[in-house]
Amino acid sequence: MNRTHRLLILLAAVLLLSGVAVGATLRAADRAAEKDRPRAGGPPVRPGAVTLDAPGRDVFRNMAWGPHRDEIVSVSDADPAGARTSSGVRCLRFHTAAGTGICLQSARSGLRDVYRAVVLDARLRPLRRYDLAGIPTRARVSPDGRAAAWTVFVSGDSYAGTAFSTRTSVLDVRTGELDRDLETYRFVLDGRPHRAADLNVWGVTFADAGHFYATVATGGKTYLVRGNRSERTLRALHENVECPSLSPDGTRVAYKKRVEGVSPDAPWRLYVLDLRTLRETATAERRSVDDQAVWRDGHTLVYSLPGDYGSDLWTVPADGSGRARLLTEAALAPAFTVHP
């Protein structure tokens, strides 16, 4: 084979590989563009005014394919599967209470994604912005709207992994004072201060602006902790608790719990803990729930499970009775106006 033949073969190989790369890029772009096109039979979504304190309206992240995917939408509380009004504000994670919203967003910076937390007023106008150190995973606002919290992954991409690290921050919405990393709080385990290099904190749920519950992981175990912002302490209360959610009356915590005898890829079941007696109650949801549930009212939990659009919202009684029911398709990160 002479030099000319070798060059022709090399050129053909280069052209072939270039064609494969272009084809793969076009297919990926087409799949991405598909999510911007409404799917027949999907929930109706139209732009309009969305406010976070409107009576009788629930809000969540819209997952339906189309131009309003990932936007915060509102829907009638009486018809959660009905028409959606879209705000135009996109969030990866979202929560709201008392007219204050927290929106964790992504943006492009050169060739990489960057993330930020944006505090919103009741009309979804930005009040403050904070750069995030990693991929957003949890967000919460205190019932009085005076504090917000968020958790990001700073390495790894799943709680199911054996190596991940989180960073959880708590913000005073009024003053802008930010506790950037709750791992700097004093962790109290079995009545004694406990120091550990592998400490991780995530999944804040507020009692009020100064007190909260969260998950602490260390030594291969997870704990429900009670947090005090003025004392800067985290006190362990109960083992094997992840992503807690405090009931409106402050007496119970819903959470995901690792159970034995199931697939290690789907290890969680949804439980409720009585904070006075520390008695656990399993809900009627038997599937693995990898989410921080919210309370729709004092008796009912709402959580996400995988669906045709990525995520659907399901509901189940908190007392272990009844059965799980589909609440809203193509939805994530819901928030409800609830009272004790």
Side-chain angles (χ1 to χ4, degrees), residues 58-61 63 77 80 91-97 102 104 136-143 148-151 158-160 166 168 202-207 212-215 222-225 237-238 240-259 262 266-275 279-307 310-340:
D58 302 328
V59 292
F60 53 85
R61 173 185 168 191
M63 299 295 288
D77 182 70
C91 304
L92 298 176
R93 288 292 184 269
F94 172 78
H95 194 249
T96 181
I102 186 68
L104 308 187
T137 178
R138 305 293 179 209
R140 282 295 184 269
V141 176
S142 63
W150 55 81
T151 298
S158 171
Y159 289 137
T166 61
T168 296
W202 70 83
V204 166
T205 180
F206 285 99
F212 59 88
Y213 295 86
T215 296
T222 61
Y223 302 90
L224 174 70
V225 298
L237 303 177
H238 197 68
N240 196 9
V241 172
E242 299 186 48
C243 298
S245 180
L246 188 64
S247 64
D249 63 3
T251 64
R252 293 157 293 159
V253 166
Y255 60 99
K256 63 179 192 179
K257 172 182 177 178
R258 290 181 181 269
V259 297
V262 299
W268 294 289
R269 297 294 182 269
L270 191 60
Y271 276 71
V272 174
L273 178 72
D274 185 304
L275 290 171
R279 178 177 178 270
E280 295 180 317
T281 299
T283 69
E285 175 57 81
R286 297 296 181 256
R287 291 166 293 185
S288 184
V289 178
D290 185 9
D291 190 24
Q292 186 173 16
V294 299
W295 294 76
R296 191 179 188 193
D297 51 41
H299 311 284
T300 311
L301 300 172
V302 178
Y303 48 95
S304 68
L305 288 173
S311 171
D312 296 330
L313 296 180
W314 289 75
T315 183
V316 73
D319 63 1
S321 66
R323 62 184 181 89
R325 297 177 182 273
L326 179 66
L327 179 69
T328 308
E329 290 184 316
L332 186 66
F336 305 93
T337 301
V338 294
H339 304 281

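Residue numbers count from 1 along this sequence. These numbers come from a predicted model, not from an experiment.
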- [ ] Name all residues meeting the side chain to side chain donor-acceptor pair (under 3.5 Å) criterion together with N240; count only those two or more places apart in sequence or in a different chain, and write none if there are none.
- [x] none
- [ ] Taking side-chain contact (heavy atoms from CB on, under 4.5 Å) as the test, write out the residues that go with A97, two or more places apart.
- [x] V141
TODO: Quick one: list whatever passes salt bridge (Lys or Arg N to Asp or Glu O under 4.0 Å) with D312, sequence neighbours left out.
DONE: none
- [ ] State plainly whether the residues K256 and D290 are in salt-bridge range, i.e. N to O under 4.0 Å.
- [x] yes
Open item on the list: Using every non-hydrogen atom in the two residues, find where R140 and F206 come nearest and quote the distance to one decimal.
Closed with: O-CE1, 3.7 Å
Open item on the list: With rounding to the nearest 0.5 angstrom, report the OG1 to CG distance, T300 to L327.
Closed with: 9.5 Å
Open item on the list: Quick check: do L237 and V253 have side-chain heavy atoms less than 4.5 Å from each other?
Closed with: no
- [ ] Not counting sequence neighbours, list each pair that qualifies as a side chain to side chain donor-acceptor pair (under 3.5 Å) and has a residue in residues 321-334.
- [x] D319-S321
- [ ] Can you measure from CG (L275) to CZ (R252) and round to the nearest 0.5 angstrom?
- [x] 9.5 Å
- [ ] Drop me the distance from R279's CZ to D274's CG, to the nearest 0.5 angstrom.
- [x] 8.0 Å
Task: Contacts of type side chain to side chain donor-acceptor pair (under 3.5 Å), residue T168, not counting sequence neighbours - done: T151
- [ ] Please name all residues satisfying side chain to side chain donor-acceptor pair (under 3.5 Å) with T215, sequence neighbours left out, ordered by chain then number.
- [x] none
Task: Residues that R287 engages under side chain to side chain donor-acceptor pair (under 3.5 Å), provided they are two or more places apart - done: E285
Open item on the list: Using only atom types and a distance under 3.5 Å, with no angle test, would you say the side chain of T315 pairs donor to acceptor with the backbone of L301?
Closed with: yes
- [ ] Rounded to the nearest 0.5 Å, what's the gap from CG on L246 to OG1 on T251? Could you check?
- [x] 8.0 Å
Open item on the list: When you compare the side chain of V241 with that of Y223, does any pair of heavy atoms fall below 4.5 Å?
Closed with: no
- [ ] Quick one: pull up CZ in F94 and CG in L104 and give me the separation to the nearest 0.5 Å.
- [x] 10.5 Å
TODO: Could you pull out the closest heavy-atom pair between A139 and I102, with the gap in Å?
DONE: CB-CG2, 3.8 Å
Open item on the list: Which heavy atom of R296 sits nearest to which heavy atom of P80, and what is that distance?
Closed with: NH2-CG, 4.1 Å
Open item on the list: Applying salt bridge (Lys or Arg N to Asp or Glu O under 4.0 Å), can you list everything that pairs with R93, at least two apart in sequence or on another chain?
Closed with: none
Task: Closest non-hydrogen atom pair between F60 and L332, with its separation - done: CB-O, 3.4 Å
Task: Residue list, side-chain contact (heavy atoms from CB on, under 4.5 Å) with A293, at least two apart or on another chain - done: L270, Y303
Open item on the list: Side chains of W295 and D249, heavy atoms from C-beta outward: is any pair under 4.5 Å?
Closed with: no
Open item on the list: If you compare all heavy atoms of A284 against all heavy atoms of G322, which two are closest, and at what distance to 0.1 Å?
Closed with: CB-O, 3.3 Å
Task: Criterion side-chain contact (heavy atoms from CB on, under 4.5 Å) against W314, the qualifying member of V289, L326, D291 - done: L326
- [ ] Could you pull out all residues at least two apart from S288 that satisfy side-chain contact (heavy atoms from CB on, under 4.5 Å)?
- [x] A266, P267, W268, R269
Open item on the list: Nearest 0.5 angstrom please: Y213 OH to H238 NE2, how far?
Closed with: 13.0 Å
Task: Beyond-backbone contact of T137 with Q292, side-chain heavy atoms, under 4.5 angstrom - done: no
TODO: For residues H95 and A335, report the shortest heavy-atom separation together with the two atoms involved.
DONE: CD2-CB, 4.1 Å
